[in-house]
**Student:** 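Got a structure for you, questions after.
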Protein chains: 2
Amino acid sequence: MGSKTYTISELAKEFGVTTRTIRFYEEKGLVQPLRDGQKRLYTPADRVRIKLILRGKRIGMSLQESVDLIDMYDPSRNNTQQLNSLIDKIAVRRDRLLQQKKDIDDMLAGLDEVQALCQTALGKRKKK
Amino acid sequence: MGSKTYTISELAKEFGVTTRTIRFYEEKGLVQPLRDGQKRLYTPADRVRIKLILRGKRIGMSLQESVDLIDMYDPSRNNTQQLNSLIDKIAVRRDRLLQQKKDIDDMLAGLDEVQALCQTALGKRKKK
DNA sequence: AATGACGTTGACGCAAACGTAAACTAATCA
DNA sequence: TGATTAGTTTACGTTTGCGTCAACGTCATT
């Protein structure tokens, strides 16, 4: 029953952030770990939340945006109203994500070109 | 010869940013527009730089990172040393971009799931 | 000549996302 | 038992990326 918990430094180490960062997320209400006396205890669910937040960060989302996104994943107490507006929000997000994907592909293509230039500039001496 | 130039507000409008933003980029040395007396005149090259900077922003790059990336696109005065280190940098960037792409795909998949849930939840009332 | 529209240079303000130092506790290792 | 290690709170500091005046110049109308 006592499913696994994590200490703050375990998670910090796993995700490559400082403990300060994780505490900061708590200050902002992004996670609410349990306590063993003074010490914070993180459940697997907490761990996932942090993971998702950091994933959002990697593509330039603000912490709040990540949280908003995470909240979408839980259409628990939703009336028809809310479900419809949720669908709209999803559409907006999807558009942004697709734009970002395009941006990334463009950049990758650019990098390929430059790399090719570099290699022919170097390769002339090597292979042929 | 006198190839086209743009005013600051033209570019601001085109890219959906304020003129303040573009001046800020100049303060930081990201662009160096010509002058007609006091007024800034942006060349097509300046315009492209700004465009690339904003593209970087969309996927969470800092302004400086965008500039670093743009500088890669110009392997002008490169000796073998620099070409090799450039290739290394490109590899690093590519890895990051691929990770970001994966992050985006994961999020898109998540959104698809949630949307499906929403739609079945709604559809049950509609159809029956 | 006055009214806008557009441009300029400071300079201060501000939110986000932590960094960093101080000062403390609680458990553990030697 | 003293030292080290990991945790805690409080609080001020820092960087980035602009927003927001203020105070002024320059044209083109009206």
Side-chain angles (χ1 to χ4, degrees), chain A residues 2 4-43 46-47 49-71 93 96 99-100 103, chain B residues 4-43 46-47 49-71 96 99-100 103:
Chain A
K4 169 143 211 203
T5 57
Y6 308 85
T7 71
I8 194 168
S9 44
E10 278 172 358
L11 291 186
K13 191 173 177 186
E14 173 178 1
F15 294 129
V17 300
T18 66
T19 59
R20 175 68 180 93
T21 297
I22 296 181
R23 285 194 204 96
F24 175 76
Y25 292 168
E26 185 177 352
E27 281 180 40
K28 293 286 157 174
L30 310 190
V31 281
Q32 288 144 350
L34 304 171
R35 296 285 179 139
D36 169 25
Q38 281 273 80
K39 297 189 177 180
R40 292 165 172 84
L41 284 186
Y42 295 85
T43 68
D46 291 328
R47 181 176 161 281
R49 272 185 86 83
I50 294 175
K51 195 171 187 173
L52 294 183
I53 291 168
L54 295 176
R55 187 184 68 179
K57 266 194 53 175
R58 284 199 296 274
I59 62 160
M61 293 174 58
S62 74
L63 299 183
Q64 191 52 57
E65 279 177 327
S66 282
V67 169
D68 293 348
L69 183 58
I70 293 172
D71 288 346
R93 291 281 176 164
R96 275 188 47 190
Q99 172 66 54
Q100 288 180 293
D103 287 331
Chain B
K4 170 144 208 203
T5 59
Y6 307 85
T7 71
I8 193 169
S9 44
E10 277 172 359
L11 291 185
K13 192 173 176 186
E14 174 178 358
F15 293 129
V17 300
T18 67
T19 59
R20 175 71 180 92
T21 297
I22 296 181
R23 283 195 206 96
F24 176 75
Y25 292 168
E26 186 176 350
E27 280 180 44
K28 293 287 158 175
L30 310 190
V31 280
Q32 288 144 351
L34 304 172
R35 296 288 176 138
D36 169 24
Q38 282 273 81
K39 298 188 176 178
R40 291 165 172 85
L41 282 186
Y42 295 84
T43 67
D46 292 328
R47 181 175 161 280
R49 272 186 88 84
I50 295 175
K51 194 170 188 174
L52 294 183
I53 291 167
L54 295 176
R55 186 183 69 180
K57 265 194 54 176
R58 284 198 297 275
I59 63 160
M61 294 174 57
S62 73
L63 299 184
Q64 191 52 55
E65 280 176 328
S66 282
V67 169
D68 293 347
L69 183 58
I70 292 173
D71 288 346
R96 277 188 47 188
Q99 173 64 56
Q100 288 180 294
D103 288 331

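Chain A is the first sequence line, chain B the second, and so forth, proteins listed ahead of strands; every chain is numbered from 1. All of these numbers come straight from a predicted model, not from anything done at the bench.
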**Student:** Grab the CG-C1' distance between B/Asp36 and D/dC27 for me, whole Å please.
**Tutor:**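 Computing the B/Asp36:CG to D/dC27:C1' distance gives 12 Å.
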**Student:** Using whole Å, what does the distance between atom P of nucleotide C/dT8 and atom CD of B/Glu27 come to?
**Tutor:**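 It works out to 12 Å between those atoms.
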**Student:** Go nucleotide by nucleotide along DNA chain D from the 5' end; which of A/Lys39 and B/Leu54 gets its closest nucleotide reached first?
**Tutor:**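 Final value for this comparison: A/Lys39.
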**Student:** Base, sugar-phosphate alone, or nothing: which one does B/Ser62 contact when heavy atoms must sit under 4.0 Å apart?
**Tutor:**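 Contact class for B/Ser62: sugar-phosphate only.
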**Student:** Could a donor-acceptor pair under 3.5 angstrom be found where the side chain of A/Arg23 meets the base of D/dT9?
**Tutor:**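 In this structure, the two groups form no donor-acceptor pair.
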**Student:** Rounded off to whole Å, could you give me the CD-to-P distance for the A/Glu26 and D/dT9 pair?
**Tutor:**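 Going from CD in A/Glu26 over to P in D/dT9 covers 7 Å.
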**Student:** Heavy atoms from C-beta onward define the side chain here; which of D/dT8, D/dC18, D/dA6 lies closest to that of A/Arg35?
**Tutor:**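 So the side chain of A/Arg35 is nearest to D/dT8.
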**Student:** If you find the nucleotide of DNA chain C closest to B/Gln38 and the one closest to A/Leu63, which residue's nucleotide is nearer the 5' end?
**Tutor:**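 Per heavy-atom nearest nucleotide, the more 5' residue is B/Gln38.
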**Student:** D/dT15 P sits how many Å from B/Lys28 NZ, rounded?
**Tutor:**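 After rounding, the gap between these two atoms is 10 Å.
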**Student:** Regarding A/Glu65 and A/Arg96, does a basic nitrogen lie under 4.0 Å from an acidic carboxylate oxygen?
**Tutor:**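 Looking at A/Glu65 and A/Arg96, the cut-off is met.
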**Student:** Just how far, in rounded Å, is P of D/dT16 from CZ of B/Phe24?
**Tutor:**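 Going from B/Phe24 (CZ) to D/dT16 (P), I get 9 Å.
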**Student:** Look at atom CD of B/Glu14 and say whether more than 12 heavy atoms of other residues, nucleotides or ligands are closer to it than 6.0 Å.
**Tutor:**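 Count over threshold, so yes.
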**Student:** Would you say that A/Ile50 contacts A/Arg47 through its side chain, given a criterion of any heavy-atom pair below 4.5 Å between the two side chains?
**Tutor:**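 In short, these two side chains do not touch, never coming nearer than 4.5 Å.
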**Student:** With heavy atoms under 4.0 Å as the rule, sort A/Arg40 into base, sugar-phosphate or nothing.
**Tutor:**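 Sugar-phosphate: the residue A/Arg40, judged by heavy atoms under 4.0 Å, touches backbone atoms but no base.
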**Student:** Within this structure, what is the CG-to-P distance between B/Leu11 and C/dG7, rounded to whole angstrom?
**Tutor:**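 The distance from CG of B/Leu11 to P of C/dG7 comes to 10 Å, rounded to the nearest Å.
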**Student:** Are OP1 or OP2 of D/dG19 and a side-chain N or O of B/Thr21 less than 4.0 angstrom apart?
**Tutor:**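 Answer yes for this pair, as a side-chain N or O of B/Thr21 is under 4.0 Å from OP1 or OP2.
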**Student:** Considering heavy-atom distances to DNA chain C, does B/Ile8 or A/Met61 have its closest nucleotide positioned more toward the 5' end?
**Tutor:**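 The residue whose closest nucleotide sits nearer the 5' end is B/Ile8.
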**Student:** Can you measure A/Phe15 atom CZ to C/dC18 atom P for me and round it to whole angstrom units?
**Tutor:**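 These atoms are roughly 14 Å apart.
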**Student:** Given C/dC18, is OP1 or OP2 found less than 4.0 Å from the side-chain N or O atoms of A/Tyr25?
**Tutor:**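 For C/dC18, OP1 or OP2 has a side-chain N or O of A/Tyr25 closer than 4.0 Å.
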**Student:** What is the nucleic acid contact for B/Thr7, judged by heavy atoms within less than 4.0 Å: base, sugar-phosphate only, or nothing?
**Tutor:**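 Result for B/Thr7 = sugar-phosphate.
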**Student:** B/Gln64 CD to D/dC18 C1': how many Å, rounded?
**Tutor:**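 Going from CD in B/Gln64 over to C1' in D/dC18 covers 16 Å.
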**Student:** Taking CD in B/Glu10 as the centre, count heavy atoms belonging to other residues, nucleotides or ligands within less than 6.0 Å. Is the count above 12?
**Tutor:**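 Counting other residues, nucleotides and ligands, CD of B/Glu10 exceeds 12 neighbours.
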**Student:** Any non-hydrogen side-chain atom of B/Leu41 less than 4.5 Å from a side-chain atom of B/Tyr6?
**Tutor:**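 SC-SC contact between B/Leu41 and B/Tyr6 ruled out.
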**Student:** Within the pair A/Thr19 and D/dA6, is there a side-chain N or O less than 4.0 Å away from OP1 or OP2?
**Tutor:**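 For D/dA6, neither OP1 nor OP2 has a side-chain N or O of A/Thr19 closer than 4.0 Å.
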**Student:** Any side-chain N or O of B/Ser9 below 4.0 angstrom from OP1/OP2 of C/dG7?
**Tutor:**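 Checking C/dG7 against B/Ser9, a side-chain N or O does come within under 4.0 Å of OP1 or OP2.
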**Student:** Heavy atoms under 4.0 Å, any strand shown: does A/Lys57 hit a base, just sugar-phosphate, or nothing?
**Tutor:**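 Since only primed, P, OP1 and OP2 atoms lie under 4.0 Å of A/Lys57, the category is sugar-phosphate.
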**Student:** Could you check whether any side-chain heavy atom of B/Asp46 comes within less than 4.5 Å of a side-chain heavy atom of B/Pro33, counting everything from C-beta outward?
**Tutor:**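 The answer is yes, as the side chains (C-beta and beyond) meet within the 4.5 Å cut-off.
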